[in-house]
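This report refers to the structure that appears directly beneath it.
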Amino acid sequence: MKYSTKVSDAVHILAFIQLNPVDFLSSTRIAESLRTNPGCVRQLMSALRKAGLLFSVKGHPRPTLAKEPSAITLLDVYKAVEGDKPLLHLDTHTNPECGVGIYIQLSLQDYFNRVQKTAEEEMKQITLQDILDRYQEKVTKESR
């Protein structure tokens, strides 16, 4: 089963930009850090730009954050790159003639909705600055 790493990669891009403010940061350079292709980076940067989280100009490798890191939440990033896609998904291929197959999915959706709401409330509380601070703690601890 394939899962999305868009949020993780988008946070990586924002952090990379914030941590390298004077460097030339082409999509190729950022892609090297993510170990992905530049096209993927450009797609994510486009989504972040449309969401008002990033400033960048085609042909000028100097992207910048559109807001302070303390004003960018994990939910902002999630919504920018995943839209309204839920965290958990039902199996829609169960047997419609089976009573369990129908009603277990309907019952489970109620709980999936609750999990989604709780996760989004938590993501509202986590900022890019929090992530950068944790990053710095780990770098400092590792260098000792």
Subject >> side chain to side chain donor-acceptor pair (under 3.5 Å): pairs with one or both residues in residues 21-31, sequence neighbours excluded >> reply: Ser27-Arg42

Original post:
About how many Å separate CG of Leu88 and CZ of Arg114, when rounded to the nearest 0.5 Å?
Top reply: 12.5 Å

Subject >> salt bridge (charged side-chain N to carboxylate O under 4.0 Å, His left out) contacts in which one or both residues fall within residues 128-139, not counting sequence neighbours >> reply: Arg134-Glu137

Original post:
Would you find a donor on one side and an acceptor on the other, under 3.5 Å apart, between the side chain of Ser8 and the backbone of Thr5?
Top reply: no

Subject >> From Ile131 atom CD1 to Ile72 atom CD1, the distance as rounded to the nearest 0.5 Å >> reply: 10.0 Å

Considering only distance and modelled atom types, tabulate donor-acceptor pairs under 3.5 Å from the side chains of residues 44-52, sequence neighbours left out.
| unit_1 | atom_1 | unit_2 | atom_2 | d |
| --- | --- | --- | --- | --- |
| Arg49 | NH1 | Ser56 | OG | 2.5 |

Original post:
Quick one: salt bridge (charged side-chain N to carboxylate O under 4.0 Å, His left out) partners of Glu68, sequence neighbours excluded?
Top reply: none

Subject >> Remaining members of the apolar cluster that contains Val100, side-chain heavy atoms under 4.5 Å >> reply: Ile104

Original post:
Taking only residues two or more places apart in sequence, or in another chain, which ones meet Glu122 in a salt bridge (charged side-chain N to carboxylate O under 4.0 Å, His left out)?
Top reply: none

**OP:** Give the minimum heavy-atom separation between Gln125 and Glu121, together with the two atoms involved.
**Re:** CG-O, 3.4 Å

Subject >> side-chain contact (heavy atoms from CB on, under 4.5 Å) partners of Thr94, counting only residues at least two apart >> reply: Asp91, Gln105

**OP:** Could you tell me the separation between the NE2 atom of His60 and the CZ atom of Phe24, rounded to the nearest 0.5 Å?
**Re:** 11.0 Å

**OP:** Report the residues that fulfil salt bridge (charged side-chain N to carboxylate O under 4.0 Å, His left out) with Glu142, sequence neighbours left out, ordered by chain and then residue number.
**Re:** none

Subject >> same_hphob_cluster(Val57, Leu25) at 4.5 Å side-chain heavy-atom cutoff >> reply: no

Subject >> Qualifying salt bridge (charged side-chain N to carboxylate O under 4.0 Å, His left out) pairs with a residue from residues 81-90, counting only residues at least two apart or across chains >> reply: Lys79-Asp84, Glu82-Lys85

Original post:
Hey, are the side chains of Thr64 and Leu54 touching, using non-hydrogen atoms and a 4.5 Å cut-off?
Top reply: no

Original post:
Is there side-chain contact between Ile126 and Thr73, with heavy atoms separated by less than 4.5 Å?
Top reply: no

Subject >> Heavy-atom check, side chain of Val11 versus side chain of Leu74, under 4.5 Å >> reply: yes

Original post:
Take atom NE2 in His89; do more than 12 heavy atoms of anything else shown fall under 6.0 Å from it?
Top reply: yes

**OP:** Give the C-alpha distance, both sets of side-chain angles, the deciding distance and a yes or no for side chain to side chain contact (heavy atoms under 4.5 Å, CB included) between Thr36 and Ile30.
**Re:** CA-CA 9 Å; Thr36 191; Ile30 296 168; over 6 Å; no

**OP:** Report the residues that fulfil side-chain hydrogen bond (donor to acceptor under 3.5 Å, both in side chains) with Asn113, sequence neighbours left out, ordered by chain and then residue number.
**Re:** Gln109

**OP:** Compare every heavy atom of Thr127 with every heavy atom of Pro69, then report the nearest pair and how far apart it is.
**Re:** O-CB, 3.7 Å

Original post:
Looking only at heavy atoms, what is the nearest atom pair of Ala31 and Asn37, with distance?
Top reply: CB-C, 3.7 Å

Original post:
Between Leu19 and Phe55, is there a shared hydrophobic cluster once you connect ILVMFWY residues whose side-chain heavy atoms come closer than 4.5 Å?
Top reply: no

Original post:
Among all residues two or more places apart in sequence or in another chain, which pass the side-chain contact (heavy atoms from CB on, under 4.5 Å) test with Tyr103?
Top reply: Leu106

Subject >> Partner residues of Gln116 under the side-chain contact (heavy atoms from CB on, under 4.5 Å) criterion, sequence neighbours left out >> reply: Tyr78, Pro86, Leu87, Glu120

Subject >> Residue pair Leu53 / Leu65, side-chain heavy-atom distance below 4.5 Å >> reply: no

